[in-house]
Amino acid sequence: MIRTLIVDDELLALDLMQSLLSVHDDVDILGIYRSGRKALDAIRSLTPDLVFLDIQMPGMSGFELISKLQPEYLPAVVFATAFDSFAVDAFRVHALDYLLKPIRP
């Protein structure tokens, strides 16, 4: 099982990502978070294998969240965002992938 978190401040994006991932038997969604701060705590306590992470969120961006994690807590990250301008930065922080919204199957 791939232990997964979904982090996005947009409710529709969260619902869509959860729906897309729920059809995969090998994906276990541990939690869904609408803020970077709550997601940071969840990553530290749940130690997921994978996080689908929005970049622009109020309070803490996806990049800020990644920078606050110690290497032992750093899961694989797939950024999911509406902006293509952050792709290079995403791969600089070793993102597994970079998805542009709207995400389709």
Side-chain angles (χ1 to χ4, degrees):
M1 286 296 248
I2 302 169
R3 298 165 34 88
T4 306
L5 295 181
I6 305 170
V7 184
D8 199 310
D9 62 320
E10 298 174 23
L11 191 54
L12 290 175
L14 288 173
D15 290 344
L16 176 61
M17 185 64 73
Q18 182 178 15
S19 175
L20 292 171
L21 292 174
S22 68
V23 300
H24 299 279
D25 294 335
D26 57 347
V27 174
D28 181 16
I29 299 173
L30 302 176
I32 297 170
Y33 299 90
R34 295 189 67 193
S35 82
R37 294 191 198 290
K38 289 182 181 177
L40 180 62
D41 292 338
I43 291 169
R44 288 176 174 157
S45 66
L46 298 173
T47 61
D49 303 310
L50 176 63
V51 175
F52 286 87
L53 181 59
D54 190 12
I55 292 177
Q56 289 191 332
M57 297 181 291
M60 181 186 301
S61 75
F63 289 121
E64 289 171 315
L65 186 152
I66 295 297
S67 74
K68 293 182 181 298
L69 288 169
Q70 298 298 320
E72 63 268 18
Y73 292 109
L74 190 60
V77 174
V78 173
F79 284 104
T81 182
F83 304 96
D84 63 357
S85 59
F86 298 110
V88 172
D89 294 330
F91 290 111
R92 282 190 183 132
V93 296
H94 307 289
L96 180 64
D97 207 346
Y98 191 89
L99 304 176
L100 284 176
K101 296 176 184 175
I103 297 170
R104 292 178 174 67

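It should be emphasised that the depicted structure is a prediction, and the values quoted were computed from it without experimental measurement. Positions are given from 1, in the same order as the sequence printed here.
Ala80 and Asp8 make their closest contact through O-OD2, 4.3 Å (heavy atoms, listed as atom of the first residue, atom of the second, distance).
Here the side chains of Ile43 and Pro48 are in contact, with some heavy-atom distance below 4.5 Å. The shortest distance between side-chain heavy atoms of Ile2 and His24 does not fall below 4.5 Å. No side-chain heavy atom of Val93 sits under 4.5 Å from any side-chain heavy atom of Ser67.
Thr4 OG1 to Leu30 CG: the interatomic distance, rounded to the nearest 0.5 Å, is 6.5 Å. Note that CZ of Arg44 is 7.5 Å distant from CD of Gln70, once rounded to the nearest 0.5 Å. With rounding to the nearest 0.5 angstrom, the CD1 atom of Ile55 is 12.0 Å from the CG atom of Leu65. Rounded to the nearest 0.5 angstrom, Leu40 CG and Ser45 OG are separated by 9.5 Å. Note that CG of Asp54 is 5.5 Å distant from CG of Asp9, once rounded to the nearest 0.5 Å. Between Leu53 atom CG and Leu99 atom CG the span is 11.5 Å, to the nearest 0.5 Å.
Residue-environment remark: NZ (Lys38) stays at or below the threshold of 12 foreign heavy atoms within 6.0 Å. Atom CG of Asp25 has 12 or fewer neighbouring heavy atoms from other residues, nucleotides or ligands inside a 6.0 Å radius.
Under the ring pair (Phe, Tyr, Trp, His ring centres under 6.0 Å) criterion, Phe63 pairs with Phe79, not counting sequence neighbours. For Asp28, the side-chain hydrogen bond (donor to acceptor under 3.5 Å, both in side chains) criterion is met by no residue, not counting sequence neighbours. By the salt bridge (charged side-chain N to carboxylate O under 4.0 Å, His left out) test, Arg104 is found to be paired with no residue, residues two or more places apart in sequence or in another chain being considered. Among residues two or more places apart in sequence or in another chain, the ring pair (Phe, Tyr, Trp, His ring centres under 6.0 Å) test is passed with Phe52 by none.
With hydrophobic clusters built from ILVMFWY side chains whose heavy atoms lie under 4.5 angstrom apart, Ile103 does not share a cluster with Phe86. Follow the hydrophobic side-chain contacts under 4.5 Å out from Leu100 and you reach Val77 in the same cluster. Using a 4.5 Å cut-off between side-chain heavy atoms of Ile, Leu, Val, Met, Phe, Trp and Tyr, with links allowed through other members, Met57 and Ile6 fall into different hydrophobic clusters. Criterion: ILVMFWY side-chain heavy atoms under 4.5 Å apart, direct or through other members. Under it, Leu5 and Val27 are not part of a common hydrophobic cluster. By the criterion of side-chain heavy atoms lying less than 4.5 angstrom apart, applied directly or through intervening Ile, Leu, Val, Met, Phe, Trp or Tyr residues, Leu46 is not grouped with Leu50; the two fall into different hydrophobic clusters.
Applying the side chain to side chain donor-acceptor pair (under 3.5 Å) test to residues at least two apart or on different chains, the pairs with a partner in residues 83-98 are Asp89-Arg92.
Panel note: side chain Asp49, backbone Arg3; a donor-acceptor pair is recorded below 3.5 Å.
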Without placing hydrogens or testing angles, list every side-chain donor-acceptor pair under 3.5 Å for residues 10-23, not counting sequence neighbours.
from, atom 1, to, atom 2, distance (Å)
Ser22, OG, Gln18, O, 3.4
Ser22, OG, Ser19, O, 2.9

